[in-house]
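Okay, so here's the structure we're looking at.
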Amino acid sequence: MKTLASDFFERDARIVAKELLGKYLVRSIGRKKVAARITETEAYLGPYDLASHARHGKTARTAVMFGPPGVWYVYFTYGMHYMLNIVARREGIPSAVLIRGVEGIVGPGRLTKKLAIDKTLNMKAAVPASGLWIEDRGEIVPKRKIITGPRVGVDYAGEWAKKPYRYRIGSF
DNA sequence: TAAGTGATCTCT
DNA sequence: GAGATCACTTAA
């Protein structure tokens, strides 16, 4: 078991998204520690990806995506939900992976609610000291178990909405 | 199927 | 400052 370091995230978001499957999202609050196996992710590639928040350039909210990899990007939407993303690619390239679901919890909004994730984690590094990080527990997910599909809720993105940048563990 | 909820962004 | 939009959830 090892904690994923920034070099893991300093790659193409599609690779990071795929390899994140089967890893464990670990949350510690005070003395409590909870680990959940990641089962669903989505990749957001860069400024040219019209489904990405970074499509309109750097703003106060998206600035974190332009920063170094291995940092959480947490934002609030629909008036009630926090979304959890981790920044990918090297500094200067706005890219991230959305963690949509873990074992037992399906839906990005539910996931953050269940694990008490909110904007205080935004822009924090994914290391144990921040209270939220990712561990590799040695599980290897076979390729045939990984299902890809179009991303969710991004119909406005035209062609980019159809790209199969969503990954999840399942079986056919 | 639709409404709730509020931060953020794009105009004035 | 106003208005539109939004990487969703829940109840019906």
Side-chain angles (χ1 to χ4, degrees), chain A residues 4 8-25 27 34 36-89 91-126 130 132-134 146-170:
Chain A
L4 261 41
F8 177 91
F9 302 102
E10 194 166 349
R11 296 182 291 167
D12 188 292
R14 285 165 293 192
I15 295 171
V16 175
K18 199 185 294 186
E19 293 198 9
L20 236 30
L21 297 176
K23 299 290 186 292
Y24 283 79
L25 179 66
R27 175 79 168 123
V34 185
R37 181 162 159 266
I38 298 171
T39 55
E40 189 170 350
T41 58
E42 278 181 13
Y44 288 87
L45 304 194
Y48 46 87
D49 180 352
L50 297 181
S52 168
H53 284 166
R55 66 187 178 280
H56 296 305
K58 193 172 182 176
T59 65
R61 182 174 57 138
T62 62
V64 57
M65 291 173 96
F66 289 77
V71 173
W72 298 115
Y73 167 37
V74 180
Y75 71 94
F76 192 68
T77 193
Y78 294 115
M80 48 181 86
H81 300 295
Y82 288 104
M83 299 287 145
L84 177 66
N85 304 249
I86 185 136
V87 178
R89 302 295 297 275
E91 191 162 359
I93 301 177
S95 183
V97 174
L98 168 66
I99 297 177
R100 291 191 60 84
V102 297
E103 196 94 80
I105 310 175
V106 181
R110 286 176 171 175
L111 180 127
T112 51
K113 189 178 173 193
K114 205 90 171 178
L115 297 182
I117 291 164
D118 62 24
K119 63 181 193 253
T120 59
L121 282 160
N122 191 32
M123 308 208 283
K124 291 239 165 69
S130 69
L132 185 67
W133 70 99
I134 295 173
I146 298 177
I147 299 173
T148 61
R151 289 173 293 188
V152 175
V154 294
D155 292 342
Y156 61 83
E159 283 303 303
W160 285 92
K162 304 192 185 92
K163 305 258 182 206
Y165 295 161
R166 178 177 177 212
Y167 305 87
R168 108 183 128 83
I169 295 178

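Naming convention: chains lettered A, B, ... in sequence-line order (proteins, then strands); numbering from 1 in each chain. Remember, it's a predicted structure, so these values are computed and weren't measured experimentally.
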Indicate, with a heavy-atom threshold strictly under 4.0 Å, whether Met83(A) touches base, sugar-phosphate, or nothing. sugar-phosphate
Nucleotide forming a Watson-Crick or wobble pair with dT9(C), both distances under 3.5 Å: dA3(B)
Using a strict cut-off of less than 4.0 Å between a Lys/Arg side-chain nitrogen and an Asp/Glu carboxylate oxygen, indicate whether Arg100(A) and Glu42(A) qualify as a salt bridge. yes
Integer-rounded Å distance: dA7(C) P and Trp160(A) CH2: 16 Å
Just N and O in the side chain of His53(A): are any of them under 4.0 Å from OP1 or OP2 of dA7(C)? yes
Going by centres under 5.5 angstrom and planes under 30 degrees, do the aromatic ring of Tyr44(A) and the base ring of dA7(C) stack? yes
dA7(C), dC8(C), dG4(B): which one has an atom nearest the side-chain heavy atoms of Val152(A)? dC8(C)
Rounded to whole Å, how long is the line connecting atom OH of Tyr82(A) with atom P of dT5(B)? 15 Å
Which part of the nucleic acid does Arg61(A) contact within heavy-atom distance under 4.0 Å: base, sugar-phosphate only, or nothing? sugar-phosphate
In terms of the angle between their ring planes, are Tyr75(A) and His53(A) parallel, tilted or perpendicular, with boundaries placed at 30° and 60°? perpendicular
Can you tell me how far P of dG6(B) sits from CG of Asp118(A), to the nearest Å? 15 Å
Between atom OH in Tyr73(A) and atom P in dA7(C), what is the gap in whole Å? 9 Å
Phe9(A) and side-chain contact (heavy atoms from CB on, under 4.5 Å): which single residue from Val87(A), Leu4(A), Ile15(A) fits? Leu4(A)
For residues Leu98(A) and Tyr165(A), determine if any side-chain heavy atom of one lies less than 4.5 Å from a side-chain heavy atom of the other. no
For dC8(C), take OP1 and OP2 only and decide whether either is under 4.0 Å from a side-chain N or O of Arg110(A). no
With the side chain of Phe76(A) defined as its heavy atoms from C-beta on, choose the nearest nucleotide among dT9(C), dA7(B), dG4(B). dA7(B)
Could you tell me the Watson-Crick or G-U partner of dT10(B), where both distances fall under 3.5 Å? Say none if there is no partner. dA2(C)
Starting at CZ of Arg55(A) and ending at C1' of dT10(B), how long is that distance when rounded to a whole Å? 13 Å
Could you tell me how far apart Met80(A) (CE) and dG4(B) (P) are, to the nearest whole angstrom? 9 Å
Neighbour count above 12 (heavy atom, 6.0 Å) for Lys18(A) NZ: no
Should Tyr78(A) be listed as having a side-chain N or O under 4.0 Å from OP1 or OP2 of dA7(C)? no
Tell me the interatomic distance from Leu98(A), atom CG, to dC8(C), atom C1', rounded to whole angstroms. 11 Å
Asn122(A) CG - dT8(B) P separation (whole Å): 9 Å
Considering only heavy side-chain atoms of His81(A), the closest of dC8(C), dC9(B), dA7(C) is dC8(C)
Distance test, side-chain N/O of Thr77(A) to OP1/OP2 of dA7(B), below 4.0 Å: no
